[in-house]
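Everything numeric in this text was worked out from a predicted model, so none of it was measured. Note that these values count all heavy atoms, side chains included, but never hydrogens, waters or copies made by symmetry.
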Amino acid sequence: EDQRILTFNRGAQQTFGYRAEEVLGRPLDLLLPPRFVEAHRRHIHAFAAAPDAARYMNQRPEVSGRRKDGTEFPAQVSLSKFTEQGQTFFLSILQDITERKQAEAALLKLSQALLKLSQALLGETEGQAMRDTAVRVAAEALKVEFAAIALIDEDGQSFSGRAAVGWPPEVLQQAQRVSLSASTGLAYAIRTRAPAVIPDESRETRFGAPSWVVEMGIASSLLAPMIVGGEVIGGLVVNSRTARHWTDDEVRLLSLIAN
């Protein structure tokens with residue numbers, strides 16, 4: 001009736017941040033966001049009166065848990081019950097699904113961006129229009145102020161800017177015939193056929209920043225090679241004026257847009 005906690009194993013301690021002695025004997029409400037307490041109590045009363053002995057994760061909607069520090073997290077719960085000496089006891093098996101939800105959100109973001117790009121490109125047949133569309137979609141999908149595409153020049157020894165969002169025209173004019181042997185992040189991405197991740201331009205030691213990156217106050221950059229038919233033809237770069245800790249999903253998204 002009181003729904004008090006009688007056991008609290010190591011997994012529960014790790015998930016909620018409480019030691020067992022901090023919660024034993026206390027109401028289960030402690031582990032729930034306040035707005036869900038009454039609904040949860042009603043659910044437990046209904047389950048106690050129901051004929052079924054268990055309700056499994058795939059049979060129940062997602063719930064929210066509350067950690068010791070007050071943060072909330074999404075979870076799935078299986079419930080079972082048994083009666084002993086006239087008392088009903090409940091066993092709850094909880095799984096923190098935060099990582100799964102984050103992965104689902106990242107996948108949705110990726111799908112939406114690629115759908116938007118494919119829809120935008122359906123009506124484009126000319127190369128420059130396609131490049132202009134790609135940089136716009138990249139900037140919107142990754143929520144950055146700047147995006148640009150550079151293509152390898154005919155000599156195969158340099159690359160030049162061909163499309164941009166956010167950059168003034170004069171900057172694109174400066175970004176012409178940049179040597180592939182330059183120490184910049186984009187040159188590296190093109191040479192190695194691999195993305196270059198720069199979370200903080202001010203602390204970057206691997207690559208030198210072009211003058212326009214400094215002038216425009218760029219704090220963070222992400223760069224991906226453009227590969228067509230197995231050949232590198234250039235690179236796609238996005239830049240932000242705020243420091244960004246680029247995630248693996250964001251790197252994957254930029255690479256997919258680039259290719």
Next item on the list: Could you list all the side chain to side chain donor-acceptor pair (under 3.5 Å) pairs where at least one residue sits in residues 218-239, not counting sequence neighbours?
Entry: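 Residue pairs passing side chain to side chain donor-acceptor pair (under 3.5 Å), neighbours aside: Glu201-Ser221, Ser220-Trp246, Ser221-Asn239.
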Check: Which side chain to side chain donor-acceptor pair (under 3.5 Å) pairs, counting each pair once, include a residue from residues 9-20, with sequence neighbours left out?
Finding: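 Pairs touching residues 9-20 that pass the test: Arg19-Glu21.
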Notebook entry, point to check: Any donor-acceptor pair under 3.5 Å linking the side chain of Gln95 with the backbone of Val77?
Noted result: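 Between the backbone of Val77 and the side chain of Gln95 there is no qualifying donor-acceptor contact (under 3.5 Å).
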Checklist line | Sequence neighbours excluded - salt bridge (Lys or Arg N to Asp or Glu O under 4.0 Å) pairs with any residue from residues 155-175 | finding: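 For residues 155-175, and leaving out neighbouring residues, the salt bridge (Lys or Arg N to Asp or Glu O under 4.0 Å) pairs sorted by first residue read Asp153-Arg162, Asp155-Arg177.
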Separation of [Y] [atom2] from [X] [atom1] (nearest 0.5 Å):
X: Leu94; Y: Gln76; atom1: CG; atom2: CD; result: 9.5 Å
X: Leu236; Y: Leu254; atom1: CG; atom2: CG; result: 4.5 Å
X: Arg244; Y: Asp200; atom1: CZ; atom2: CG; result: 13.5 Å
X: Ile257; Y: Arg136; atom1: CD1; atom2: CZ; result: 11.5 Å
X: Arg42; Y: His45; atom1: CZ; atom2: NE2; result: 10.0 Å
X: Leu79; Y: Ile44; atom1: CG; atom2: CD1; result: 5.0 Å

Next item on the list: Could you list the residues that satisfy ring pair (Phe, Tyr, Trp, His ring centres under 6.0 Å) with Phe36, not counting sequence neighbours?
Entry: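 Partners of Phe36 under the ring pair (Phe, Tyr, Trp, His ring centres under 6.0 Å) test: none.
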Checklist line | Partners meeting ring pair (Phe, Tyr, Trp, His ring centres under 6.0 Å) with Tyr188 (sequence neighbours left out) | finding: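 Residues passing ring pair (Phe, Tyr, Trp, His ring centres under 6.0 Å) with Tyr188: Phe207.
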Which atom pair, heavy atoms only, marks the closest approach of [X] to [Y]?
X: Ser181; Y: Ser179; result: OG-OG, 2.7 Å
X: Val238; Y: Ala138; result: CG1-CB, 4.1 Å
X: Leu253; Y: Ala141; result: CD2-CB, 4.0 Å
X: Ile5; Y: Pro27; result: CD1-O, 4.0 Å
X: Val214; Y: Ala209; result: CG2-CB, 4.4 Å
X: Ser255; Y: Pro195; result: OG-CG, 3.7 Å

Cluster check [X], [Y]: I/L/V/M/F/W/Y, side chain < 4.5 angstrom:
X: Val232; Y: Leu223; value: yes
X: Leu31; Y: Ile97; value: no
X: Ile198; Y: Val178; value: yes
X: Ile227; Y: Val137; value: no
X: Val135; Y: Leu186; value: no

So does [X] have more than 12 non-hydrogen atoms from other groups sitting under 6.0 Å from [atom1]?
X: Arg206; atom1: CZ; result: yes
X: Asp69; atom1: CG; result: yes
X: Arg191; atom1: CZ; result: yes

Item checked: Minimum side-chain heavy-atom gap Asp96-Arg67 below 4.5 Å ->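 Of all side-chain heavy-atom pairs linking Arg67 with Asp96, at least one is under 4.5 Å.
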Check: Do Met216 and Glu145 have side-chain heavy atoms sitting under 4.5 Å apart?
Finding: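 A side-chain contact under 4.5 Å is absent here.
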For [X], salt bridge (charged side-chain N to carboxylate O under 4.0 Å, His left out) partners two or more places apart:
X: Glu72; result: Arg35
X: Lys81; result: none
X: Arg66; result: none

Margin query: Taking side chain to side chain contact (heavy atoms under 4.5 Å, CB included) as the definition, give me every residue that meets it alongside Ile233, ordered by chain and number, with sequence neighbours left out.
Written below: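 For Ile233, the residues satisfying side chain to side chain contact (heavy atoms under 4.5 Å, CB included) (neighbours in sequence not counted) are Leu151, Met226, Val228.
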Notebook entry, point to check: Who else is in Leu32's hydrophobic cluster (ILVMFWY, side-chain heavy atoms under 4.5 Å, direct or via others)?
Noted result: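 The other cluster members (ILVMFWY side chains, heavy atoms under 4.5 Å, direct or chained) are Val37.
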Margin query: Checking one residue: Phe82. Which other hydrophobic residues are in its cluster under the side-chain 4.5 Å linking rule?
Written below: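 Via sub-4.5 Å side-chain contacts, Phe82 links to Leu6, Phe89.
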Notebook entry, point to check: Which pairs with one or both residues in residues 131-165 pass ring-ring contact (aromatic ring centres under 6.0 Å, His included), sequence neighbours excluded?
Noted result: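 Qualifying pairs, neighbours excluded: Phe146-Trp167.
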Note to self: The test is side chain to side chain contact (heavy atoms under 4.5 Å, CB included); show your working for Glu250 and His245 and say whether it passes.
What the structure shows: CA-CA 10 Å; Glu250 288 174 325; His245 297 286; over 6 Å; no
Item checked: Residues Asp249, Thr247; criterion side-chain hydrogen bond (donor to acceptor under 3.5 Å, both in side chains); working and verdict -> CA-CA 5 Å; Asp249 289 315; Thr247 67; 4.9 Å; no
Next item on the list: Might you work through the side chain to side chain contact (heavy atoms under 4.5 Å, CB included) test for Arg41 and Asp29, ending with a clear yes or no?
Entry: CA-CA 9 Å; Arg41 282 181 168 272; Asp29 303 355; 3.2 Å; yes
Next item on the list: Could you label the plane-to-plane angle of the His43 and Phe47 rings as parallel, tilted or perpendicular, counting under 30° as parallel and over 60° as perpendicular?
Entry: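 Parallel, since the angle between the ring planes stays under 30°.
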